Amino acid sequence: MKIVTIVGARPQFIKAAVVSKHIRKYYTEILVHTGQHYDKNMSDIFFDEMEIPKPNYNLGVNNGSHAEMTARMLVELEKVFLNENPDMILVYGDTNSTLAAALVAAKIHIPICHVEAGTRTYCNTNPEEINRVCTDHLSSLLLTCTKKSQENLVKEGLSEKGKLVGDPMYDAFCFYKNKAQEGQYKLKSIENNTALEIPKRFYYLTCHREENTVKEDALKEILTAANQLEFPSIYPVHPRNKKRAMEILKKYKFSKVYLVEPVGYLTSIHLVLNAEKIITDSGGLQREAFFSGKQCVTILDFEVWPETMIQNRNQLCSPNSEDILNKLSKHQVIDENYMPFGDGDSAKKIVAEINAFLK
Ligand code: UD1
Ligand code: UDP
């Protein structure tokens with residue numbers, strides 16, 4: 001039997017890295033890269049480092065508005081699905097690539113398996129919320145990371161399709177953690193292209209959300225807070241924020257923020273494991289902070305992973321420097337026994353659920 005898996009953005013490469021291995025024990029897997037992320041350090045580096053099978057198709061669709069990108073993906077994905085005639089398509093998460101693949105498959109009656117189903121922010125203007133809600137309602141098999149996601153499906157009348165499998169991001173973290181910790185990594189400054197050593201003590205900062213990009217002052221506020229911390233902040237800059245981040249640093253002469261090129265997964269996990277604390281708006285980073293027992297502030301108006309928001313381990317924060325500094329200074333308690341993201345074996349469970357569905 002044949003499964004077509006669709007990836008396009010870096011969080012999806014990470015999930016596919018752990019899931020594809022298991023899928024391929026039972027199925028012919030055709031891997032489709034939509035091309036949504038295309039820079040070497042946003043795409044190739046993950047395939048190389050994590051030994052993800054080479055995509056059978058790269059559709060080269062990127063840039064443009066949401067509508068433009070999604071529309072171009074719809075056209076290209078339909079050709080692939082008609083050509084491959086799979087028994088199921090597998091999509092991850094909440095990107096435009098996820099939604100485009102689900103829409104195409106639903107219209108030509110191919111069953112859809114959605115991994116990371118049931119995640120909800122209940123913020124209807126958030127592009128990822130729109131993508132994940134629509135994808136869930138088009139899918140036949142909804143595989144959730146947490147009990148909370150499973151409960152969210154119940155509220156929408158989708159419980160019968162939902163199965164709790166755990167979080168493949170946690171599988172990846174468990175699998176690569178030791179390798180990432182032991183590796184020697186260099187960063188590349190985006191200001192002058194030179195190599196940069198990882199300092200002994202630092203904060204790990206990432207910021208790429210549309211919410212923090214369209215608000216003029218959001219990034220300035222975030223960098224202002226980072227510049228006032230006791231240790232420098234390492235910020236691998238998503239390409240969408242590169243220009244603005246560089247302008248802000250130059251204008252305000254922030255010397256404690258290190259702007260570096262996006263890093264690969266192993267370097268990113270190394271940074272998570274060794275950071276003092278984490279400042280982010282990333283869905284993945286806030287879970288990885290949680291997996292590694294690091295305190296995190298998440299600069300968003302809505303909870304993506306409420307499971308992490310206990311004992312100050314992860315606090316929501318507005319893009320305001322005072323709020324960020326205040327939340328970062330709060331005391332953290334860690335209950336090591338609380339692990340709502342499964343046992344690190346979700347890839348096996350995902351395949352078991354697909355087997356049961358397709359039987
Ligand atoms: C997308 C996802 C978001 C996810 C993020 C992971 C959607 C709606 N959003 O957001 O959920 O958190 O990926 O990182 O799908 N760009 C480059 N090079 C690249 C990739 C992007 O220059 O390799 C630039 C392009 O100008 C592009 C912009 O970044 O227009 C935004 O990229 P896009 O893929 O639209 O959204 P992300 O912010 O990456
Ligand atoms: N990541 C990475 N390099 C970076 C920034 C992030 O490898 O420079 C990894 C990190 O593990 C994170 C994952 O990519 O959890 C997801 O990426 P991102 O934050 O872009 O997407 P989101 O999780 O918000 O959808």
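Computed from a prediction, not measured in an experiment: that's the story for all the values here. In each ligand, atom 1 is the first atom listed, and ligand 1 is the first ligand listed.
- At a 4.0 Å heavy-atom cut-off, ligand 1 does not touch S282 at all.
- Every residue was checked against the side chain to side chain donor-acceptor pair (under 3.5 Å) condition with E78, not counting sequence neighbours, and none meets it.
- Between atom 6 (C) of ligand 1 and the options Q12, E128, H37, R209, the minimum heavy-atom separation is to H37.
- Between K242 and E261 a salt bridge is recorded (basic side-chain N to carboxylate O distance below 4.0 Å).
- Here's the thing with H238: none of its N/O atoms is less than 3.5 angstrom from an N/O atom of ligand 2.
- Checked for salt-bridge contact, E129 and R132 meet the test: a charged N lies under 4.0 Å from a carboxylate O.
- Note on ligand 1: K242 sits outside its first shell, no heavy atom being nearer than 4.0 Å.
- Close contacts of ligand 2 with Y265, meaning ligand atoms under 4.0 Å from a residue heavy atom, involve 7 (O), 11 (O).
- Closest to atom 16 (C) of ligand 2 by heavy atom, among A9, P11, P236, G93, is P11.
- The closest approach between any non-hydrogen atom of R209 and ligand 2 is below 4.0 Å.
- Looking at ligand 2, you'll find an N or O of V263 within less than 3.5 Å of one of its N or O atoms.
- No part of E210 comes within 4.0 Å of ligand 1, judged by heavy-atom distances.
- Between R244 and E247, no side-chain nitrogen of the basic residue sits less than 4.0 Å from a carboxylate oxygen of the acidic one, so the salt-bridge criterion is not met.
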